Amino acid sequence: MNLYESIIDQAVKYIEEPFRNNSGGHDTEHSLRVYRNAMLIADNEPDSNCEIVALAALLHDVDDHKLFHTENNENARVFLKNRLPEERIDAICSCINAVSFSRNKGKAPDSIEGKIVQDADRLDAIGAIGIARTFAFGGEHGRPLRDSIQHFHNKLLLLKDLMNTETGKLLAAERHAFLEEFLRELNDELN
Ligand code: ADP
Ligand code: NI
């Protein structure tokens, strides 16, 4: 195993602990899917640094303010410290911080690595997996089904037009079509 593989491997193990009490929305599996989506997109973005993409994807939610009360990407930095040079750690943290839509008031990330990880995170919010996560989130928060259905209109159906990369747009179009098909069928069944 080379040095590059081993840090990714270690990051995969590291994220299990912070997410251990979470299910559905934010958990280790979500981070692993975002990582896989991000690597797929990065394959078509030759100017991106794949170590930054991989680690930012795996660590993108470990300091999410909805779950953790950390400052300055503390959970990500605890892992990265002593494993990488300071400037590489800062690049990974700025990539993570550029991903959140609300934190950046809708502004797209400047770096290609940020654009890739943001697309990868958004892909996991749509398609079949996005539907599953939405109802899991609603259940976790004790919300009625109609609230989760409303979330499709408030957020999920808007994501395909917010994608940054060409690969992200292609993948999002397929998943978006599936959301629409699901809503059509749901509408038929409910009426
Ligand atoms: P991330 O931080 O990974 O981008 P979010 O925190 O926005 O994701 O949401 C996690 C999951 O929960 C997503 O699949 C999202 O669609 C779902 N979700 C978030 N808010 C709501 C809501 N109000 N109703 C239903 N599902 C929601
Ligand atoms: Ni996420």
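Keep in mind that this is a model prediction, so the values were computed, not measured. Whatever order the structure lists them in is the order used to number ligands and atoms, beginning at 1. Along the sequence shown, the residues carry numbers beginning at 1.
- Counting the atoms of ligand 1 from 1 in the order shown, those under 4.0 Å from a heavy atom of D64 are 2 (O).
- Checked for salt-bridge contact, K13 and D9 meet the test: a charged N lies under 4.0 Å from a carboxylate O.
- Of all the atoms in ligand 1, the ones that sit under 4.0 Å from a non-hydrogen atom of K66 are 2 (O), 6 (O).
- Under the salt bridge (Lys or Arg N to Asp or Glu O under 4.0 Å) criterion, E166 pairs with K169, not counting sequence neighbours.
- Distance check for D61 against the Ni ion (ligand 2): an N/O/S atom falls below 2.8 Å.
- The shortest N or O to N or O distance between D147 and ligand 1 is not below 3.5 Å.
- Distances from the Ni ion (ligand 2) show that D124 has no N/O/S atom below 2.8 Å.
- Residue D121 approaches ligand 1 through these ligand atoms, each under 4.0 Å from one of its heavy atoms: 1 (P), 3 (O), 4 (O).
- Within ligand 1, the atoms closer than 4.0 Å to a non-hydrogen atom of T134 are 16 (O), 25 (C), 26 (N), numbered from 1 in the order shown.
- The existence of a salt bridge linking K115 and E45 is excluded, since no basic side-chain nitrogen approaches an acidic carboxylate oxygen closer than 4.0 Å.
- In summary, the side chains of N97 and N73 do present a donor paired with an acceptor at a separation below 3.5 Å, with no hydrogens or angles considered.
- Using a 4.0 Å cut-off to heavy atoms of D61, the atoms of ligand 1 that qualify are 2 (O), 3 (O).
- The closest approach between any non-hydrogen atom of H141 and ligand 1 is not below 4.0 Å.
- Taking the six-membered ring for Trp and thresholds of 30 and 60 degrees, F152 and F182 have nearly parallel ring planes, at less than 30 degrees apart.
- Between the side chains of D61 and S31, no donor-acceptor pair of N or O atoms lies under 3.5 Å.
- Those atoms of ligand 1 that come under 4.0 Å of a heavy atom in L156, given as number and element, are 16 (O).
- Of the charged side-chain nitrogens involved, none lies within less than 4.0 Å of a carboxylate oxygen, so that R33 and D121 do not count as a salt-bridged pair.
- When distances from the Ni ion (ligand 2) to the N, O or S atoms of D121 are compared, OD1 comes out shortest.
- For the Ni ion (ligand 2), the nearest N, O or S atom contributed by H60 is named NE2.
- Side-chain contact check for N49 and E113: no donor-acceptor pair (N or O, by modelled atom type) lies under 3.5 Å.
- Proximity annotation for atom 22 (C) of ligand 1: of K155, R122, H60, H151, H151 comes nearest, heavy atoms only.
- The ring-ring contact (aromatic ring centres under 6.0 Å, His included) check on H141 picks up F137, with sequence neighbours excluded.
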